[in-house]
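What follows is one structure encoded as structure tokens, with my remarks underneath.
As the structure is a prediction and not an experimental result, all values here were calculated from the model.
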There are 2 protein chains.
Amino acid sequence: MNESIRERYEARAGVMKALAHPSRLYIVDELSKGERCVHELTDAIGSDMSTVSKHLGVLKSVGIVCDKKRGSEVYYSLRMGCVVDFFGCLEAVLRGGEGSSCAPGSLRKRRRE
Amino acid sequence: MNESIRERYEARAGVMKALAHPSRLYIVDELSKGERCVHELTDAIGSDMSTVSKHLGVLKSVGIVCDKKRGSEVYYSLRMGCVVDFFGCLEAVLRGGEGSSCAPGSLRKRRRE
DNA sequence: GATACACTTGGCTATTTTACCAAATAGCCA
DNA sequence: TGGCTATTTGGTAAAATAGCCAAGTGTATC
């Protein structure tokens with residue numbers, strides 16, 4: 001795997017990593033319904049506000065969410081709705097799930113083959 | 001966030017975590033073109049075979065890939081093609097990307113609002 | 001100005017993840 | 001059987017992550 005290919009996959013992995021945490025997935029889901037400020041999310045999640053703020057920072061750093069200050073509150077919103085579209089696939093993977101050997105017919109929706 | 005909600009997001013995060021690594025994303029992409037055995041992937045990726053095998057184990061444990069032994073080789077294939085569909089969104093996030101404040105019009109494709 | 005929120009940042013520890021090597025397992029073939 | 005190839009598993013050290021507290025910044029409100 002050469003340099004530029006590796007970089008491409010590392011960039012993608014950066015976005016996936018930002019999504020690879022339950023609280024951050026919750027945030028994305030919640031923001032898909034509309035903007036929220038930090039303390040609303042903090043209340044819903046139940047961790048320390050500093051923790052939630054850091055999660056938001058992670059999502060923001062890769063461009064999944066953006067923020068806008070209004071008064072003393074900071075409102076976050078989802079910038080990439082397509083992320084939410086993936087949740088359906090996530091559920092399918094979870095249902096598909098004992099997850100091991102290739103039983104005949106267990107392959108679905110293979111592309112470009 | 002109550003127990004069952006948390007569990008749901010943790011399950012989803014498990015799948016995302018499995019995808020949150022450049023080599024594993026590469027593997028998924030490669031398998032979308034057809035099945036591959038471990039040493040083919042090892043050659044392409046350039047890490048130790050034991051490392052690649054572990055990556056495959058991670059993908060398999062969440063049900064994204066499955067394996068089938070043929071002779072002394074183990075062939076892996078993609079079980080959940082929908083995962084690959086998400087790569088387009090990943091690229092969009094990357095392009096969308098200085099990634100910070102909500103410029104007017106920077107919101108796209110918001111759902112259920 | 002003082003106080004109170006709302007939020008972010010720094011610091012720190014605990015946990016998880018990663019990658020390599022070495023060793024174990026399994027199939028193939030002489 | 002013995003050797004060879006293909007793959008997995010165990011062990012381990014290094015690096016990345018997560019979450020809390022404390023301290024800092026910015027915006028009202030009194």
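- The shortest distance between the side-chain N/O atoms of A/S72 and the OP1/OP2 oxygens of C/dA6 is not below 4.0 Å.
- Put simply, A/Y76 has no side-chain N or O that comes within less than 4.0 Å of OP1 or OP2 on C/dA6.
- Not a single donor-acceptor contact under 3.5 angstrom links the side-chain atoms of B/S47 to the base of C/dC20.
- In terms of phosphate contacts, A/T51 brings no side-chain nitrogen or oxygen within less than 4.0 Å of OP1 or OP2 of D/dA18.
- Atom-to-atom, NE2 of A/H39 to P of C/dA4 comes out at 18 Å; the value is rounded to the nearest Å.
- Using a 4.0 Å heavy-atom cutoff across all strands shown, B/R70 reaches no nucleic acid atom at all.
- A/L90 CG to B/M16 CE: the interatomic distance, rounded to the nearest 0.5 Å, is 6.0 Å.
- With C/dT8, D/dT7, D/dT17 as the choices, the nucleotide that has an atom nearest any side-chain atom of A/V74 turns out to be C/dT8.
- Atoms CG (A/L25) and P (D/dT17) sit 16 Å apart, rounded to a whole Å.
- Using a 4.0 Å heavy-atom criterion, one finds that A/K54 contacts the bases of the nucleic acid, with or without backbone contacts as well.
- Regarding contacts with the backbone of C/dT8, a side-chain N or O of A/S53 is found under 4.0 angstrom from either OP1 or OP2.
- A salt bridge does not link B/E35 with B/K68: none of the charged nitrogens is closer than 4.0 Å to a carboxylate oxygen.
- In this structure, B/K54 does not pair ionically with B/D48, as no charged nitrogen and carboxylate oxygen lie closer than 4.0 Å.
- Side-chain N/O atoms of A/H55 include none lying less than 4.0 angstrom from OP1 or OP2 on D/dT17.
- The side chain of B/S50 lies closest to C/dA22 when the candidates are C/dA22, C/dT8, C/dT18.
- Here A/H21 reaches the OP1 or OP2 of D/dG19: one of its side-chain N or O atoms lies under 4.0 Å away.
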